[in-house]
Amino acid sequence: MTLVQSKYAHWNKQFIAGEWVEGSSDKMMQNKNPYTGETLVEWRSSDENDLDKSYKTAQTEGKKWSKMPLAARAKVMREAMVQMNERKEEIVDLLIAESGSTHVKAEREWMTTVRILEESSSFPYRMKGELIGSDIPGKENRVVREAKGVIGVIGPWNFPLHLCMRSVAPALAVGNGVVIKPASDTPITAGLLIADIFEKAGLPKGVLSVVSGSGSEIGDAFVKHPIPKLISFTGSTEVGRGIGKLAGEHLKDVALELGGDNAMIVLDDADIDKAVEAAVYGKFFHQGQICMALNRIVIDHSIYDTFVEKFTNTVKGLKFGDPADAKTLVGPLIHEKEVDRLLEVIENAQKEGAKLLYGGKSKGSVLEPTVLSEVSPENSAAQHELFGPVALLIRAKDEADAIRIVNSSEYGLSGSVFTSNLERGYRVAQEVESGMIHVNDQPVNDEAHVMFGGEKSSGLGRFGGEWAIEKFTRTRWISIQHQYREFPNI
């Protein structure tokens, strides 16, 4: 499709070393609306020279930034919040057009991103050192906490603004330079918009850069470059493993938030109506294209049939289609090829014994919300992250069987437990192998001041609050010898 000179066409430049310029590659890239197919913007890709310049400038200017008064860094975070609030309508529109977000999802993403900036504005004041005594007379031991240096952030396309800002804002607040490589499907909301917000918020020139290019051209170089001390990546487990391996070869730290085969356990004493409502939201919010979205809903056999009936009837009432319609809950998938992938998953699941109760049809990039019942825990659909609007309803014999089913997955990101006995719910939550789990709630939860992260194949490291400060800083031991120290045999 030829480029439409739309209101998004001005986002055709990179933000390299503090300047809005064209990328240096010969390769042209396109950004398309996943629902309409409209080409929003074309841009020239970055190459390794752009990347090198960005990292070097972030290193030089980042050192100056880290030495600025705490109030100056905090002010930039607060001014970025002002930008977010003043530009809410523009930001929501961009999220709908670029990532296929529904109105309700785009509004929530805007809100949580503001909260990240608010939390990060306090980080300059929360970096604490420590004085430790010594066995050596006259020695003072200081453990200092300081910025790591330069952080490389690889942004995702599903919650592009929130999940990229989750690393960028804390990293900047504690004094690092940052270089972003946004997902090619969302170069604006996962990168260029963030750069524009911080530029207008008063961030010194060169501290932040955005290099938007194909993975084949700058992907490995982004990780291997000698300057960045940590690579933050949110995305699939397969890609995350590759990044982790490459970073390990170059002795770099990583923050990896990866895939999830998340499950909700509905125990025999659960309030079924409330559990159904939470499960529908946790499965179909943003078309299930969320790392924390439900893949599996594991229900005690004594209430299974009742739950399935109520769940299916609720799903039948969901509005799906145009994400620009404020009443739509289930919008488009990011690509039509994702629809084809999920249609194959649905077909194979049925061949393995699952029953299709609703959905299973598509139009363009929109897949109807789909419900599969009588899914065995061994069904291939239940073994992998679906990342789409397909619900798998699994029958469990009892509480112990439900825990066994949930823990059989190689993933461990998020989850939930429904029960009328909160202490029972807490006990079950303790048995589930996941980084996060919620009693009487669905699994899509993310609060800026609380830790976020997974276990097993769902990632390494923690985001949020004090955990973000720890991740994006380093500690060093600096000792001071206040009186002369005698050394033996010298």
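FYI, the numbering just counts along the sequence from 1.
Looking at L392 and I297, their side chains never come closer than 4.5 Å, going by heavy atoms from C-beta outward. D446 places none of its side-chain heavy atoms less than 4.5 Å from the side chain of F159. Between E249 and K224 there is no side-chain heavy-atom pair separated by less than 4.5 Å.
The backbone N or O of A293 sits nowhere less than 3.5 Å from a side-chain atom of Q442 that would complete a donor-acceptor pair. Remark: side-chain polar atoms of N176 are paired, donor with acceptor, to backbone N or O of G149 under 3.5 angstrom. In this structure, K200 contributes its side chain and E79 its backbone to no donor-acceptor pair below 3.5 Å. Between the side chain of S167 and the backbone N or O of C164 there is no donor-acceptor pair closer than 3.5 Å. Formation of a donor-acceptor pair under 3.5 Å by the S66 side chain with backbone atoms of K63 is found in this model. Distance alone, capped at 3.5 Å, places no donor-acceptor pair between the R462 side chain and the G435 backbone. Using a distance-only test at 3.5 Å, with no hydrogens or angles considered, a donor-acceptor pair links the side chain of S434 to the main chain of M436. Judged by distance alone, with hydrogens and angles left aside, the side-chain atoms of H384 form no donor-acceptor pair with the main-chain N or O of A381 at under 3.5 Å.
Note that CD1 of I231 and NE2 of H225 are 10.5 Å apart. Values are rounded to the nearest 0.5 Å. Taken to the nearest 0.5 Å, the CD1 atom of I116 stands 12.5 Å off from the NE2 atom of H449. With values rounded to the nearest 0.5 angstrom, I91 atom CD1 is found 12.5 Å from S101 atom OG. Atom CD of residue E344 and atom CG of residue L342 lie 10.0 Å apart, to the nearest 0.5 angstrom.
Salt bridge R341/E338: present, at least one basic N to carboxylate O contact under 4.0 Å. For K105 and E109, the salt-bridge test passes: some basic side-chain N is under 4.0 Å from an acidic carboxylate O. Salt bridge status for R44 with E22: present, with a side-chain N to carboxylate O gap under 4.0 Å. Between R474 and D253 there is no salt bridge, since no side-chain nitrogen of the basic residue lies less than 4.0 Å from a carboxylate oxygen of the acidic one. Using a 4.0 Å cut-off between a side-chain N of Lys or Arg and a carboxylate O of Asp or Glu, E410 and R241 qualify as a salt bridge. Electrostatic pairing of E61 and K205 does not count as a salt bridge here, judged by no charged N lying under 4.0 Å from a carboxylate O.
Counting only residues at least two apart or on different chains, the side-chain hydrogen bond (donor to acceptor under 3.5 Å, both in side chains) pairs with a member in residues 122-131 are E119-R126, S122-R126, R126-E466.
Pairing each heavy atom of V315 with each of P369, the nearest pair is CG1-CB, 3.8 Å. G388 approaches K283 most closely through the heavy-atom pair O-NZ, 3.0 Å.
Cation-pi geometry between K88 and W110 is satisfied (NZ or CZ under 6.0 Å from the ring centre, within 45° of the ring normal). For the pair R166 and F452, the distance from NZ or CZ to the six-membered ring centre is under 6.0 Å and the angle to the ring normal is within 45 degrees.
Side-chain N/O atoms of E217 and S25 include a donor and acceptor closer than 3.5 Å. No side-chain N or O of E336 forms a donor-acceptor pair with one of S365 less than 3.5 Å apart. Q30 and W43 share no side-chain donor-acceptor pair at under 3.5 Å. Using modelled atom types and a 3.5 Å distance limit, the side chains of D50 and S24 yield a donor-acceptor pair. The closest side-chain donor-acceptor pair between T473 and R145 falls under 3.5 angstrom. Using modelled atom types, one finds a donor on one side chain and an acceptor on the other under 3.5 Å when comparing H162 with T112. Side-chain atoms of D441 and Y281 form no donor-acceptor pair, as typed in the model, at a separation below 3.5 Å. Side-chain contact, D261 with N295: a donor N or O sits under 3.5 Å from an acceptor N or O. Between the side chains of N158 and H286, no donor-acceptor pair is found at a separation under 3.5 Å.
Aromatic rings from Y55 and F222 are positioned such that their centres are separated by under 6.0 Å.
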Quiz: residues 183-194 side-chain donor-acceptor pairs under 3.5 angstrom, not counting sequence neighbours:
from	atom 1	to	atom 2	distance (Å)
D185	OD1	H335	NE2	3.1
D185	OD2	H335	NE2	3.1
T186	OG1	P156	O	3.4
T189	OG1	E98	OE1	2.5

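Taking the ring-ring contact (aromatic ring centres under 6.0 Å, His included) definition, one finds that F387 meets it with W157, sequence neighbours left out.
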